[in-house]
Amino acid sequence: MLVRIKDLVNIADEKFYDVDIKLIEVDDNPYLRRLEDNKGTISFFYDYSDKLCISYKLEGKMVCPDSITLEDVYKDYYLDDEEEVAFDEKDEGFLIYGDLELEKLVYNLVLPEVPIIVENCNKTGYYSGDGWSIMSEEEYGNSQKDKVDPRLQVLKDYKEEK
């Protein structure tokens with residue numbers, strides 16, 4: 001569905017858009033792969049000072065890559081906000097350049113809520129690879145307990161004779 005700016009110019013009361021979008025694919029964002037099960041409403045209205053405002057209640061799931069393994073991690077989101085609409089970058093508010101698809105509008109509303117670092121909560125242990133591993137401080141302390149610095153090994157073997 002296309003949200004046209006000319007349709008919003010002289011609305012008498014409110015202009016509602018129902019959102020029921022199964023999937024929004026994202027290609028150009030390294031922190032977000034797609035948005036799934038998007039539901040809610042978006043409405044445009046004029047406030048008392050004759051400024052165009054947007055109000056939205058949206059919920060769904062964002063699929064983000066895990067920060068280490070890059071596996072898909074599902075995060076629920078819920079947005080409930082209201083703000084002024086800006087048509088110029090100099091103005092404050094939610095910026096709209098012109099007519100846009102409802103999917104693109106939902107993406108632009110969710111974008112500020114996308115986390116930069118995501119970690120899979122269902123992981124069973126720490127990550128490891130070829131020649132490296134992530135371990136807890138306790139595990140590291142236990143592994144270093146019996147190690148002797150090779151530079152000081154000579155002193156350990158030295159015994160003073162009488």
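The side-chain heavy atoms of N142 and E138, taken from C-beta on, include a pair separated by under 4.5 Å. In this structure, the side chains of Y17 and F44 come closer than 4.5 Å at one or more pairs of heavy atoms. The shortest distance between side-chain heavy atoms of L35 and Y77 falls below 4.5 Å. Annotation: side chain of L102 is in contact with side chain of I42 (closest heavy-atom distance under 4.5 Å). Residues L58 and Y78 form no side-chain contact, since every pair of their non-hydrogen atoms from C-beta on lies 4.5 Å or further apart.
For T69 (side chain) and D66 (main-chain N/O), no donor-acceptor pair under 3.5 Å exists by modelled atom type. At least one donor-acceptor pair under 3.5 Å links the side chain of S67 to the backbone N or O of V118.
Using a 4.0 Å cut-off between charged nitrogen and carboxylate oxygen, R34 and D72 count as a salt-bridge pair.
By the rule that hydrophobic residues join a cluster once side-chain heavy atoms approach within less than 4.5 Å of another member, I21 and F16 end up as members of separate clusters. Note on Y31 and V73: separate hydrophobic clusters, where clusters join Ile, Leu, Val, Met, Phe, Trp and Tyr whose side-chain heavy atoms are under 4.5 Å apart, directly or indirectly. L23 and V106 are members of different hydrophobic clusters when ILVMFWY side chains are connected at heavy-atom separations under 4.5 Å. Taking hydrophobic clusters as Ile, Leu, Val, Met, Phe, Trp and Tyr residues chained together by side-chain heavy-atom distances below 4.5 Å, I96 shares a cluster with I11. Linking ILVMFWY side-chain heavy atoms closer than 4.5 Å, directly or via other members, places L109 and Y97 in two distinct hydrophobic clusters.
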Assess whether side-chain contact (heavy atoms from CB on, under 4.5 Å) is satisfied between I24 and N38, documenting all intermediate values.
-> CA-CA 8 Å; I24 299 174; N38 305 285; 3.7 Å; yes

Decide yes or no on side-chain contact (heavy atoms from CB on, under 4.5 Å) for L79 and V110, but give the supporting numbers first.
-> CA-CA 8 Å; L79 304 174; V110 174; 3.8 Å; yes

Begin with the C-alpha distance, continue with both residues' side-chain angles, and end with the deciding distance and a verdict on side-chain contact (heavy atoms from CB on, under 4.5 Å) for K145 and Y140.
-> CA-CA 9 Å; K145 190 184 298 182; Y140 179 74; over 6 Å; no

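Of all non-hydrogen atoms in K51 and E84, the two that sit nearest each other are CD-OE1, 3.4 Å. When all heavy atoms are compared, the tightest approach of D76 to K61 is OD1-CG, 3.2 Å. Pairing each heavy atom of L32 with each of V26, the nearest pair is O-CG1, 3.6 Å. Listed here is the closest heavy atom pair of C53 and V85: C-CG2, 3.9 Å. Heavy atoms only, all atoms of each residue included: P115 and M62 are closest at CD-SD, 3.7 Å.
Taking SG of C64 as the start and CD1 of I116 as the end, the distance is 11.0 Å to the nearest 0.5 Å. Between N108 atom CG and E103 atom CD the span is 12.0 Å, to the nearest 0.5 Å. Note that CD of E71 and CD of E119 are 11.5 Å apart. Values are rounded to the nearest 0.5 Å. The structure places CG of D47 at 12.0 Å from OG of S55, a figure rounded to the nearest 0.5 Å.
No side-chain donor-acceptor contact under 3.5 Å links D37 and Y74.
Take E83 and apply the side-chain contact (heavy atoms from CB on, under 4.5 Å) test, not counting sequence neighbours, and it matches I54, Y56, D81, F94. D50 is linked by a side-chain contact (heavy atoms from CB on, under 4.5 Å) to nothing, counting only residues two or more places apart in sequence or in another chain.
Within a 6.0 Å sphere centred on CD of Q144, other residues, nucleotides and ligands contribute more than 12 heavy atoms. Residue L70 qualifies as enclosed at atom CG: its count of foreign heavy atoms under 6.0 Å is above 12.
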